[in-house]
Every structure is written in C-alpha cells, then in structure tokens.
Number of protein chains: 2
Amino acid sequence: MKPTIYDVAREAGVSIATVSKVLNNQRVGKKSKEKVLQAMKKLNYKPSVLASALTGKQTSTIGFLLPDLANPFIAEMARRVEDRAYERGYNLVICSTDFEPEKEAFYVSLLKQKSVDGFIIAGGFKNVEVVTELLEEQFPVVLLGESYPSLSINSVKVDDFMGGYEVTSFLTSLGHKKIAVIGEEASSSQERIKGYKQALRDQQLPVHEELIVISSQTNIESVERLAGKLLDLPEPPTAIFACNDILAIGVVLAARQRDRRIPDHLSIVGFDNTFLSRSSDPPLTTVQQPIQDLCFQAFDMLVEEIQGKSKLRQRVVLLPELVVRKSTSAPRKKS
Amino acid sequence: MKPTIYDVAREAGVSIATVSKVLNNQRVGKKSKEKVLQAMKKLNYKPSVLASALTGKQTSTIGFLLPDLANPFIAEMARRVEDRAYERGYNLVICSTDFEPEKEAFYVSLLKQKSVDGFIIAGGFKNVEVVTELLEEQFPVVLLGESYPSLSINSVKVDDFMGGYEVTSFLTSLGHKKIAVIGEEASSSQERIKGYKQALRDQQLPVHEELIVISSQTNIESVERLAGKLLDLPEPPTAIFACNDILAIGVVLAARQRDRRIPDHLSIVGFDNTFLSRSSDPPLTTVQQPIQDLCFQAFDMLVEEIQGKSKLRQRVVLLPELVVRKSTSAPRKKS
DNA sequence: ATAGCTGGTGTAAGCGTTTCCAAAACATTC
DNA sequence: GAATGTTTTGGAAACGCTTACACCAGCTAT
C-alpha cells in the first residue's frame with residue numbers, strides 16, 4: 001500500500017505531528033527533520049492532497065471553463081493558462097461548455113464538490129445566475145477574453161472596441177467604403193462590431209445594417225454560407241471584417257468558391273492572429289491579441305485572489321495590434 | 001458555511017449513516033429517505049468528493065497527458081475525450097508535457113497525489129520508466145493514438161502503417177515515382193513512414209533515404225524550411241507525403257513561396273483530416289482518423305479498467321481512410 | 001407465547017492530514 | 001543548582017464522509 005504519514009513517523013521514530021511539520025516547513029529540530037526526510041525518501045512517501053485539503057488546505061486545482069476546446073484560439077489560450085498553472089504548481093480541470101447554461105451549471109457545481117480553488121472562465125458564458133452565485137460566495141473567479149460590465153468580476157481582455165475600430169479605419173484608409181462585418185454572439189464580437197460602427201461614423205460613412213452579420217453556428221460550412229450571402233448581394237462589399245480568424249477562413253472559402261480574388265476583388269481582415277491567419281492563402285491581415293499576457297495575467301490574478309492577497313476586483317484591458325499581411329489592399333476602381 | 005452530512009442529518013432528524021445511505025442508494029426506509037431528501041434540498045447540500053474519496057471511493061477525475069494542447073489535432077482529441085468524460089460523469093485534468101520526461105514524471109506524480117482514478121496518455125510519451133511504474137502499480141492507463149509494443153499497456157490507435165501505405169500507393173497509382181515523406185519523431189510517424197517504404201517496395205520503386213525527412217520542431221517555420229530543402233533538390237520530388245496536416249501546411253507554404261503550383265507541380269498529402277486540410281488552398285488530400293471512435297473507445301476502456309470490470313489488456317487498432325481532395329494529381333510530364 | 005427472521009437505524013471507527021495546546025527537553029541566567 | 005525562558009515534541013481533536021456491526025422493532029412460524 002501507499003505509505004501514509006504514520007508509516008513515515010514510525011520509520012523516523014517521531015510523531016505524525018512532527019512529520020506534518022517538516023512537510024509544511026515549520027520549525028522542527030535539525031535531527032528530527034533529517035530523520036523524517038530520510039524516512040520519506042526511503043518509503044517514497046507522497047502526502048495525499050485529498051486528506052490535507054480536507055483539513056482546510058487548498059487543492060491547487062482550478063476549473064477552466066471554455067466554450068470549445070476544438071477552437072484553435074481557445075485551445076491556445078488553454079495551453080498558455082496551463083503553462084502558467086504548471087509554473088505555479090496548479091492543475092487545470094478542463095470543461096467545454098458549448099455555451100450551454102446547463103453544462104456551465106453542472107460543471108461549476110461538480111467542481112465545487114471537488115473543492116477546486118477557483119475558476120477561470122474563458123470566452124464568455126451564458127449562465128449568469130451561476131456566475132453571480134459564485135461571486136456572492138466570494139469564490140475566486142476571473143474572466144478571460146471577455147468582461148461582463150454589469151457584474152463586479154475580475155476580467156482580463158483585449159480592447160475589442162479598439163480592435164474593431166482599428167481594423168475598420170485601416171480599411172477605410174485604403175479607400176473601402178462598403179465594408180461588411182461578420183461576428184459571433186459573444187460579447188467580444190459585439191464590442192468589435194461597435195468599434196467598426198464607430199469608425200464608419202467617424203469617417204462619415206453610412207452604417208448598413210444588412211452588412212452586419214452574426215453567425216450563431218461555429219462550424220465553418222455555415223460561416224461559408226453566411227459569407228456567401230454577403231458576396232452575392234447585388235452590390236457586394238469590397239471588404240469584410242471577420243471577428244475572428246475562423247470566420248475569416250470561412251469568408252476566404254466563400255470568396256474562393258466564387259472566384260473572387262483576395263485581395264484584388266475582396267479584402268479580408270481577421271482577428272486573433274492564430275496560426276490560421278498565417279497558413280491561409282494569402283496570409284491574413286488580422287489583429288494580434290497578446291494571448292500570453294492575457295492568460296498569465298488572468299491566472300496570476302486568480303491566484304492572488306485565492307491566496308487572499310488582493311481583495312479588490314479589477315478589469316484589465318490590454319491593447320490589440322493590427323498585423324497587416326496580404327489579404328488587404330485598396331478596392332479596385334469601378335470599371 | 002457549506003452544509004455537511006451532519007447538518008442534513010440534524011435537519012432530517014436521522015443519523016449521518018442514514019444520510020450516507022440515501023446518498024449511495026442503499027436500503028433506507030421510505031419515510032426517512034423522504035425526510036433526508038427534503039433536508040438535502042432545503043440546505044442545498046452537496047457531498048464533498050474529497051471526503052468520500054478519502055474513505056476509498058473514487059474521485060471521478062482522470063489525468064490526461066498530451067504533448068501540446070495548441071496542436072489542433074491534439075486539441076480535437078482532448079475535446080472528444082472530454083465529451084465522453086462529461087457523459088460518464090468524469091472530469092479531465094489536462095497536462096501538456098511537450099514530450100519532456102521531467103514534466104511527464106512531475107504530472108504523473110502530482111496527479112497520483114491528487115488521487116486521480118487513471119490516466120489517458122495521448123500522442124505518445126518519452127518517460128518509459130514512469131509509465132512502467134504506473135503499469136506495475138496496476139494503475140489504470142490507456143494510450144491514445146500511439147502504442148508501445150514492448151509494454152503490456154492498453155492502447156487505441158489507427159493503423160498508421162496502413163495509412164502510410166495507402167497514401168503512398170495512391171500517389172504511385174497517379175504515376176508519381178519520386179515521393180518524399182516528412183514526419184515527426186513520434187512513433188506514429190515512424191509507422192506511417194514504414195508503410196510508405198513498404199508501398200514503394202511493393203511497386204518496385206526505390207526508397208531514397210534523402211527523401212525521408214524528420215522534423216524535430218513543431219513550429220511551422222522550421223517545417224517550411226525542411227520542406228524547402230526538399231523542393232530545392234536538383235531533382236525534387238513530384239509528391240510529398242506529410243505525416244500530419246500541420247506538416248502538410250508547412251509544405252504548402254514552402255511550395256507557395258517557390259511558386260510551385262499545387263497539385264500541378266507538386267502533389268501533397270496530409271494526415272489526420274483536421275479542419276486545416278479543409279481550409280487550406282487547395283483543400284488537402286489527407287487521411288481521415290476516426291477521432292471520435294478512437295477517443296470514446298480509449299475512454300471507455302479506461303473506465304472499464306477503473307471499475308475493475310476488465311482485467312485484460314488490449315490493443316485496439318482502427319482503420320484510417322484516405323480522403324481525396326484537390327492537392328493531388330498526376331505528375332506533369334517532363335518537358 | 002417464544003424463538004428466529006427481517007428490514008431499518010444508529011454508534012463508532014477509520015480514511016490521511018493539520019493544528020491546538022500542553023508537556024518535555026534544552027539553554028540561559030543568576 | 002535552581003529558576004526562568006526558549007525550542008522542540010507529541011497527544012488528540014477535527015475535517016466530512018463510508019461502513020462494519022450492533023441493536024431494535026415488528027414479523028412469521030412453531
């Protein structure tokens with residue numbers, strides 16, 4: 001059987017209290033400490049996290065809620081968060097919620113039963129009650145990549161409004177006047193679209209509601225269909241701003257199917273700067289999110305709260321950066 | 001504070017043993033059961049997994065070791081495994097090992113301290129000692145996507161040899177005689193390359209060692225460089241078989257940079273059929289892995305072992321399927 | 001009426017830790 | 001060498017649950 005603290009105590013000829021103290025780096029006589037260390041090594045003893053958590057210590061496990069791990073941007077976030085967790089001695093329990101409120105509730109409840117130390121919620125959530133409850137219980141939570149204005153909750157995200165604004169300004173500066181946007185339901189998309197609208201207004205360009213499209217499905221085929229509709233308009237846009245790189249790829253596919261050359265016939269801009277935007281043909285102009293900083297900050301913020309070091313809630317907003325590649329150019333002159 | 005079993009017992013006017021029995025669906029009088037259920041609801045009681053695991057029950061948490069979550073194929077596997085875990089009431093702790101033996105050892109040790117019920121190891125591992133130890137301890141483990149012939153360990157994977165064989169036969173059937181292959185160090189790549197060699201031999205075609213390239217780096221730039229070298233050969237191959245879709249994208253980029261048309265100048269085949277192969281231009285011929293079946297079977301096999309239902313170890317091998325798209329054609333006639 | 005069952009319930013020990021507190025050991029001072 | 005102070009140690013309770021076992025009613029069968 002696995003050795004317990006009793007076995008170590010017996011082997012070392014001390015009490016379990018003493019063993020526990022060397023485990024937790026408390027004052028212990030030099031000789032006892034030595035003996036205990038020896039015994040631990042000899043028995044290959046590893047304390048049970050379960051038992052120690054039961055007495056009030058933490059589990060060093062945190063719940064990571066995300067909409068869908070198969071989404072490359074989300075997966076990359078997960079990877080970064082996990083890197084940080086590893087550095088700091090934490091483990092991550094991954095939960096794909098698919099934006100289903102029931103799944104969110106289920107996972108949160110289950111992970112609470114498993115005594116996780118806190119939650120990171122990436123990419124948004126639907127079940128406001130659950131999150132509110134967490135907050136009321138003072139359960140450590142931080143939002144990653146999204147914020148929720150009406151809730152007093154820690155969050156780390158990029159300035160989506162500004163991202164949308166920059167993309168659109170860049171396109172207008174190239175001479176585009178008819179710019180469509182395709183987004184998702186997530187609030188980050190909504191912010192990017194607000195930035196888009198504002199940029200158009202600032203350039204005294206009209207905002208056409210029919211050029212603003214929301215995709216409720218994540219799969220690429222449905223995106224392709226939506227983008228197709230835009231392209232099949234009698235007066236199609238000369239540029240499309242996709243609120244993330246996957247959407248942008250969908251637009252690329254739709255354009256390709258219709259033999260529209262990118263960027264000659266159609267300029268496309270993505271968002272996130274995942275490696276999709278680099279591998280695409282032509283490589284996509286997109287908006288770079290400082291993923292690593294976002295993830296590290298979010299994680300550190302959570303740990304601060306877990307350790308009770310900081311009580312104050314905060315919203316951190318980092319700045320995105322436009323990365324210009326080959327999918328954008330001035331519109332063709334009307335012939 | 002969170003209610004405990006004592007609170008429920010007091011509220012219901014019964015002993016904690018009775019409460020525990022209703023929790024575990026053991027015989028309890030109808031009336032008591034009713035009272036207990038009422039009390040649980042009233043107090044919103046959720047039993048602590050920690051405490052019950054301490055008494056010998058399981059944690060319903062399993063460790064999922066994988067090389068890198070940012071790899072789309074791996075991420076998709078993670079997603080599927082997690083779906084199954086959700087269905088069966090388990091949680092997944094994600095651990096990216098980057099093929100570093102120390103990380104593998106660290107995670108396994110830590111998760112054992114946290115009393116996970118078992119491990120799934122996806123995409124291979126380096127630290128044979130750790131895995132061997134797990135096996136000796138009868139710890140439930142299953143390998144996903146790889147196998148390890150010299151170890152008596154459960155595994156679920158696709159027939160990589162056959163996949164490589166099929167790809168290569170397909171290319172020779174199109175008329176290609178000079179076919180390069182680019183793989184990774186993982187044993188699955190090695191198997192695919194063996195299949196490639198066998199297919200060439202079966203067609204009486206020579207195996208040129210200089211056309212067999214192993215990429216030790218995962219990042220796309222280095223792949224591009226390696227592929228570039230192949231293309232810059234005085235007598236370049238007319239087709240390249242990439243052992244996974246990411247590698248294939250690297251090859252596409254290298255070809256594009258050199259203005260080789262795909263498939264006219266160069267045929268490319270990938271492996272895995274991730275959505276990269278669909279979004280690429282042209283869409284890639286690739287080999288489809290039945291990811292969902294692989295993942296579900298692996299998970300179910302693990303659960304069987306955890307529940308002690310099946311003691312016998314097995315290796316499951318599923319069959320891959322060639323998906324022909326637009327990145328392959330007959331080679332151009334020499335002019 | 002009594003012995004023998006049976007199903008329902010409760011008592012208490014145990015799981016592997018941490019921690020409070022008192023006791024023991026040692027060191028210091030006069 | 002006694003009195004005091006300072007470490008170092010260990011006993012025991014607590015964390016929230018499961019479970020072996022004992023107990024007790026209410027039965028049936030004799």
Side-chain angles (χ1 to χ4, degrees), chain A residues 1-40 43-61 89 109-117 307-308, chain B residues 1-40 43-61 109-117 307:
Chain A
M1 270 319 293
K2 272 180 85 168
T4 73
I5 199 169
Y6 284 95
D7 302 318
V8 177
R10 192 173 330 112
E11 177 77 28
V14 298
S15 76
I16 59 162
T18 306
V19 177
S20 176
K21 275 168 198 149
V22 350
L23 241 29
N24 296 285
N25 282 314
Q26 301 179 16
R27 311 191 55 99
V28 181
K30 229 175 164 222
K31 293 171 92 172
S32 311
K33 182 165 185 176
E34 192 50 40
K35 283 189 294 182
V36 170
L37 257 23
Q38 292 278 333
M40 295 206 293
L43 301 178
N44 187 30
Y45 168 74
K46 305 271 186 239
S48 154
V49 173
L50 251 47
S52 74
L54 193 56
T55 70
K57 294 187 100 180
Q58 294 172 331
T59 54
S60 297
T61 301
S109 166
L110 185 55
L111 293 186
K112 268 160 58 177
Q113 286 188 49
K114 293 192 179 177
S115 307
V116 296
D117 295 339
Q307 297 177 339
Chain B
M1 266 322 294
K2 272 180 85 169
T4 72
I5 199 170
Y6 285 94
D7 301 318
V8 176
R10 193 175 330 113
E11 177 76 27
V14 298
S15 76
I16 58 163
T18 306
V19 178
S20 175
K21 276 168 197 149
V22 350
L23 241 29
N24 297 285
N25 282 312
Q26 301 177 17
R27 318 191 50 101
V28 181
K30 232 177 162 222
K31 293 172 91 172
S32 311
K33 182 164 185 178
E34 193 50 41
K35 283 190 291 181
V36 170
L37 289 170
Q38 292 279 334
M40 296 207 291
L43 300 178
N44 187 28
Y45 167 75
K46 304 272 184 233
S48 154
V49 173
L50 252 45
S52 75
L54 195 56
T55 71
K57 295 185 102 181
Q58 295 173 333
T59 53
S60 297
T61 302
S109 166
L110 186 55
L111 292 187
K112 270 160 55 175
Q113 286 188 50
K114 293 191 179 177
S115 309
V116 296
D117 295 339
Q307 297 177 340

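The chains referred to below are lettered A, B, ... by the order of the sequence lines, with proteins before strands, and numbering in each begins at 1. Atoms considered below: every heavy atom in the structure, side chains included; atoms not considered: hydrogens, waters and symmetry mates.
Between B:Thr18 and A:Ile5, it is B:Thr18 whose nearest contact on DNA chain C lies nearer the 5' terminus.
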All N/O pairs under 3.5 Å across the protein-nucleotides 21-26 of chain C interface:
none

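Within the structure, side-chain hydrogen bond (donor to acceptor under 3.5 Å, both in side chains) pairs that include any residue of residues 26-35 of chain A comprise A:Glu34-A:Gln38 (at least two apart or interchain).
One atom, OH of A:Tyr6, and another, C1' of C:dC15, lie 10 Å apart when rounded to the nearest Å. Nucleotide C:dT18 holds its P atom 13 Å from the CG atom of B:Leu50, rounded to whole Å. Taking atom CE of residue A:Met1 and atom P of nucleotide C:dG14, one finds them 16 Å apart after rounding to whole Å. Rounded to an integer number of Å, the gap from A:Gln58 CD to C:dT17 P is 18 Å.
Remark: B:Arg27, B:Val28, B:Gly29, B:Ser32 in residues 24-36 of chain B come within less than 4.0 Å of DNA chain C through at least one heavy atom.
Counting all heavy atoms, side chain and backbone alike, B:Val8 lies closest to B:Tyr45 at CG2-CG, 3.5 Å. Taking both residues in full, the closest heavy atoms of B:Glu11 and B:Ala39 are given as CG-CB, 3.5 Å, listed atom of the first, atom of the second, then distance. The two residues B:Leu54 and A:Ala51 make their nearest non-hydrogen contact at CD1-CB, 3.9 Å. Minimum heavy-atom separation, A:Asn44 to A:Pro3: O-CG, 4.0 Å. Looking at every heavy atom in both residues, A:Ser115 comes nearest to A:Thr59 through O-OG1, 2.8 Å.
Extent of DNA chain D lying under 4.0 Å from chain B heavy atoms, first and last nucleotide in 5' to 3' order, is D:dG16 to D:dT19.
Considering only side-chain N and O atoms, B:Ser15 lies under 4.0 angstrom from the phosphate OP1 or OP2 of C:dG10.
Here CG of B:Leu23 is found 11.5 Å from OG1 of B:Thr18. Values are rounded to the nearest 0.5 Å. Taken from CD in B:Gln113 to OG in A:Ser60, the straight-line distance is 10.0 Å, to the nearest 0.5 Å. Considering CG of B:Asp117 and NZ of B:Lys57, their distance stands at 12.0 Å, rounded to 0.5 Å.
Taking the side chain of B:Thr55 as heavy atoms from C-beta on, and the options C:dG10, C:dC15, C:dT18, the nearest nucleotide is C:dC15.
Between the side chains of B:Ser52 and B:Thr55, no donor N or O sits under 3.5 Å from an acceptor N or O. For the 3.5 Å distance criterion, the side chains of A:Lys114 and B:Thr61 qualify, holding a donor opposite an acceptor.
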task = Assess whether side chain to side chain contact (heavy atoms under 4.5 Å, CB included) is satisfied between A:Lys21 and A:Val36, documenting all intermediate values.
result = CA-CA 10 Å; A:Lys21 275 168 198 149; A:Val36 170; over 6 Å; no
query = Can you check side chain to side chain contact (heavy atoms under 4.5 Å, CB included) on A:Tyr6 and A:Val19, steps first, answer last?
reply = CA-CA 9 Å; A:Tyr6 284 95; A:Val19 177; over 6 Å; no
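Looking at heavy-atom distances under 4.0 Å, B:Val14 makes contact with sugar-phosphate atoms alone, never a base. Contacts of A:Ser48 with the nucleic acid, taken as non-hydrogen atoms under 4.0 Å apart, involve only primed sugar atoms and P, OP1 or OP2. Residue B:Ser52 is in sugar-phosphate contact alone, with no base atom involved, counting any heavy-atom pair closer than 4.0 Å across all strands shown.
Helix-axis bend for the helix from C:dA1-D:dT30 to C:dC30-D:dG1: the local axis fitted to the five terminal pairs at one end deviates from that at the other end by 50°, rounded to 10°.
Among residues two or more places apart in sequence or in another chain, the salt bridge (charged side-chain N to carboxylate O under 4.0 Å, His left out) test is passed with B:Asp7 by B:Arg10.
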